[in-house]
Amino acid sequence: MKFADLHLHTQFSDGTFTPEELAGHGSRLGFAALALTDHDTVEGCARMAAACTAAGIEFIPGAELTAEYNDTELHILGYFLDTHNPKLLAEIAKFQAVRQNRIREMVARINEMGVPLEADTVFALANCKSPGRPHVARAMVKAGLVSHLDEAFERFLKKNRPAWVPKKKVSALEAIELVHQAGGLAVMAHPGLNRTDEIIPALVNVGLDGIECFHTKHSTATSERYLEIAEKFNLLITGGSDCHGFSKGKPLIGGIKLPYEHVEKMKQVVAARQSSPVTRL
Ligand code: AMP
Ligand code: ZN
Ligand code: FE
Ligand code: FE
């Protein structure tokens, strides 16, 4: 039986593994295919592709784009992306500029609360173009300002806490279009975490291709609910661990093993589009 993990992060966003480390874990765990889905970047894809090829693993270039629908944040996964697509890269540059300014704003607010942290400390730790709250939290732990990551989120960084600053978001419709024009498949990430099922039909109408039924934080009942929704709307079924590194002493990759038949179906849709591109009414 062949398996895939289609939701993975590296140091190119808020993951802690390098692409090579991640591919190494994937190889040890026997994965046939891996997709890299860093937040608002495709920068790690070239190294991940090389590392996967060296390990005999099929690689799918992807990204996890920050989107919104009716003021609710949701994440759109793009798969089989052309990582050189100019429009995609232009939009990613905008996401990253906002993410970098946001680090400065979050640090300023933390300082206003009397906690000494420097933005450059966070940037040095993040060492990537797509920094996020986990980097702020890790810098705070490292500096001894909080005792663990959760404390940083609970006291400062969670939505509606004093240092929370919004990110750039594109509408879910724009995210889907952006993925499509870059040759990719657009998939709704971890719907069970967003509790926004009512928007799925509207996203299907604008071309959503799939739904992430299997995710580390989905219970069996949640996965089953989304499998039913996928069948109802004729959506592709995807799944992944959403590994950002170690969790409870071991790498999170390995917890979700998506049967490879779902990757086959994704590839069939990509191939069909390449031979006759979709025109939408
Ligand atoms: P950002 O993209 O900057 O808004 O940060 C979102 C990321 O923060 C998510 O992808 C998770 O990796 C991480 N995250 C969210 N909540 C927590 C938490 N309570 N503890 C640790 N990490 C979290
Ligand atoms: Zn993340
Ligand atoms: Fe996400
Ligand atoms: Fe994620």
Side-chain angles (χ1 to χ4, degrees), residues 5-17 22 35-41 44 62-69 72-79 92 94-107 109-110 119 122-123 125-126 128-142 146-161 163-170 172 175 179 186-196 210-218 222 226 238-248 251-253 255-256:
D5 187 327
L6 303 183
H7 194 151
L8 298 165
H9 295 269
T10 66
Q11 291 175 2
F12 283 88
S13 68
D14 57 5
T16 58
F17 292 143
L22 193 55
L36 183 59
T37 56
D38 270 318
H39 296 283
D40 301 329
T41 186
E64 182 174 18
L65 302 176
T66 309
E68 65 184 337
Y69 189 91
T72 301
E73 178 171 335
L74 57 93
H75 296 168
I76 298 291
L77 296 159
Y79 291 113
I92 278 176
K94 291 187 216 164
F95 275 114
Q96 295 178 351
V98 174
R99 279 181 171 276
Q100 289 163 24
N101 289 334
R102 173 179 180 244
I103 297 287
R104 293 190 191 285
E105 177 70 26
M106 288 193 289
V107 169
R109 294 196 191 183
I110 288 166
V122 180
F123 288 127
L125 181 143
C128 74
K129 293 179 188 159
S130 207
R133 288 178 290 166
H135 298 116
V136 179
R138 285 176 210 154
M140 293 182 84
V141 172
K142 206 173 161 191
V146 291
S147 47
H148 44 78
L149 294 176
D150 272 349
E151 187 188 340
F153 273 90
E154 289 301 325
R155 282 178 55 199
F156 303 97
L157 298 169
K158 256 172 72 166
K159 189 167 181 187
N160 300 326
R161 292 291 190 271
W164 178 77
V165 176
K167 279 176 288 196
K168 169 185 161 70
K169 303 181 192 77
V170 293
V179 166
V187 172
M188 190 181 188
H190 44 61
L193 305 191
N194 305 332
R195 298 187 193 90
T196 49
I211 190 161
E212 190 176 50
C213 296
F214 302 104
H215 183 274
T216 302
K217 291 189 176 164
H218 282 181
T222 299
Y226 291 109
T238 77
S241 62
D242 208 349
C243 175
H244 287 74
F246 281 97
S247 173
K248 294 178 187 139
L252 198 57
I253 179 174
I256 298 285

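Hydrogens, waters and symmetry mates are skipped; everything else that's a heavy atom, side chains included, is used. Only a predicted model underlies this, so the values are computations on that prediction, with no experimental measurement involved. Start at 1 and go down the list; that is how both ligands and their atoms are numbered.
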All salt bridge (charged side-chain N to carboxylate O under 4.0 Å, His left out) counterparts of Arg109, not counting sequence neighbours: Glu105

For ligand 1, indicate whether the residue Glu154 contacts it via side chain, backbone, both or neither (heavy-atom separation under 4.0 Å). neither

Which bit of His39 is near ligand 1, meaning a heavy atom under 4.0 Å away: side chain, backbone, both or neither? side chain

Say whether, by atom type as modelled, one donor and one acceptor occur between the side chain of Gln96 and the main chain of Asp40 under 3.5 angstrom. yes

Need the ligand 1 atom indices (1-based, order shown) with element for anything under 4.0 Å from a heavy-atom of His244. 10 (O), 12 (O)

Output yes when a side-chain donor or acceptor of Arg138 lies under 3.5 Å from a complementary backbone atom of Asp14, and no otherwise. yes

Just jot down the ligand 1 atoms closer than 4.0 angstrom to any heavy atom of Arg102, in number order. 1 (P), 3 (O), 4 (O)

Hey, which N, O or S atom on His75 ends up closest to the Fe ion (ligand 3)? ND1

Residue from Thr16, Asp242, Thr37 passing side chain to side chain donor-acceptor pair (under 3.5 Å) with His9: Asp242

Decide if the gap between the ring center of Tyr226 and the ring center of Phe214 is smaller than 6.0 angstrom. no

Measure from the Fe ion (ligand 3) to each N, O or S atom of Glu64 and report whether any distance is below 2.8 Å. yes

Provide the number and element of each atom of ligand 1 under 4.0 Å from a heavy atom of Gly132. 3 (O)

Any N/O/S atom, side chain or main chain, of His190 closer to the Fe ion (ligand 3) than 2.8 Å? yes

Please work out whether any backbone atom (N, CA, C, O) or any side-chain heavy atom from C-beta onward of Thr66 is under 4.0 Å from ligand 1, and answer side chain, backbone, both or neither. neither

Contact partition for Lys167 relative to ligand 1, non-hydrogen atoms under 4.0 Å: side chain

Going by an N to O cut-off under 4.0 Å, is there a salt bridge joining Glu73 and Lys167? yes

Heavy-atom proximity to atom 20 (N) of ligand 1, picking from Asp150, Val165, Asp14, points to Asp150

Is it true that Arg99 lies under 4.0 Å from ligand 1, counting heavy atoms only? yes

Kindly check if the number of other-residue, nucleotide or ligand heavy atoms within 6.0 Å of CZ (Arg161) is above 12? yes

Quick check on Lys158 - does any of its heavy atoms sit under 4.0 Å from an atom of ligand 1? no

Quick check: does any side chain N or O of Ser247 sit under 3.5 Å from a backbone N or O of Leu252, one acting as donor and the other as acceptor? no

When you measure from the side chain of Ser13 to the backbone of His39, do you find a donor-acceptor pair of N or O atoms at a distance under 3.5 Å? yes

